[in-house]
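Reckoned from all heavy atoms, side chains included, excluding hydrogens, waters and symmetry mates. Since this is a predicted model, take the numbers as computed values, not measurements. All residue numbers in this chain count up from 1 along the given sequence.
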Amino acid sequence: MIFECFERNMFLFLTRKSIIMELWEKSHRPDFTTLTDGTKEVIAHEDDGLVIPYSQPQALANAILRFYEDHALYEQCGNRAHALVAQRFNAQRVSDAVGQIYREVINKKNG
């Protein structure tokens, strides 16, 4: 059953924040992750993915089976993940935030 999930490309297992957000922007697939640097800022357990303990393969297997058996949770997490990126991490918002930081630095230097 687990291999069927992988073959059907039902979910992601990523540990880099930037890659997670980029793929969420393009898909509605939830993610599994461990609490590594960066991912804890993005993934909320049972909201937009499942957080599993580090280096526990049985916990990963259980999470895979949970999404396989609970399609509503799978859909909910995938949709929320996609919406999160659209709302908080889209290119325009990031560009605006970086621009604001530059303006503040310039104003302090000139002021």
Side-chain angles (χ1 to χ4, degrees):
M1 186 180 315
I2 291 174
F3 292 111
E4 179 184 337
C5 293
F6 280 110
E7 287 175 357
R8 291 172 50 195
N9 198 21
M10 287 181 60
F11 47 75
L12 310 167
F13 182 74
L14 303 167
T15 58
R16 296 214 40 202
K17 178 178 159 182
S18 59
I19 296 171
I20 291 169
M21 291 186 303
E22 183 176 337
L23 290 174
W24 277 355
E25 183 178 26
K26 295 174 178 27
S27 76
H28 288 257
R29 288 186 214 112
D31 184 31
F32 301 100
T33 192
T34 58
L35 287 178
T36 57
D37 292 340
T39 59
K40 59 187 166 195
E41 298 171 11
V42 178
I43 297 177
H45 185 64
E46 296 181 347
D47 186 49
D48 46 31
L50 296 177
V51 178
I52 57 174
Y54 180 75
S55 193
Q56 292 190 19
Q58 187 60 50
L60 174 59
N62 292 341
I64 292 168
L65 292 173
R66 183 162 180 214
F67 270 158
Y68 185 81
E69 294 170 351
D70 189 345
H71 194 71
L73 178 65
Y74 172 83
E75 290 290 324
Q76 169 192 304
C77 287
N79 290 334
R80 287 184 179 170
H82 183 76
L84 173 75
V85 170
Q87 292 169 0
R88 291 181 49 202
F89 300 106
N90 67 54
Q92 185 62 51
R93 186 171 177 147
V94 171
S95 176
D96 290 346
V98 170
Q100 180 61 33
I101 291 169
Y102 284 138
R103 284 188 291 280
E104 289 173 11
V105 169
I106 291 168
N107 288 338
K108 284 182 181 180
K109 183 178 179 182
N110 293 334

[atom2] on [Y] to [atom1] on [X], rounded to 0.5 Å:
X: Asn62; Y: Gln56; atom1: CG; atom2: CD; value: 10.0 Å
X: Ile43; Y: Leu84; atom1: CD1; atom2: CG; value: 9.5 Å
X: Leu60; Y: Ile52; atom1: CG; atom2: CD1; value: 4.5 Å
X: Asn79; Y: His82; atom1: CG; atom2: NE2; value: 8.5 Å

Let me see the working for Gln100 and Asp96 under side-chain hydrogen bond (donor to acceptor under 3.5 Å, both in side chains), right down to the final yes or no.
CA-CA 6 Å; Gln100 180 61 33; Asp96 290 346; over 6 Å; no
What residues form a salt bridge (Lys or Arg N to Asp or Glu O under 4.0 Å) with Glu46, not counting sequence neighbours?
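Testing Glu46 for salt bridge (Lys or Arg N to Asp or Glu O under 4.0 Å), a comparison that skips the adjacent residues, returns Arg66.
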Taken in chain and number order and not counting sequence neighbours, the residues that satisfy salt bridge (Lys or Arg N to Asp or Glu O under 4.0 Å) with Asp47 are Arg80
Is a side-chain N or O of His45 found less than 3.5 angstrom from the main chain of Val51, in a donor-acceptor match?
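Flag set: sc His45 to bb Val51 pair under 3.5 Å.
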If you look only at pairs with a residue in residues 51-62, which of them pass as a salt bridge (charged side-chain N to carboxylate O under 4.0 Å, His left out), with sequence neighbours excluded?
none
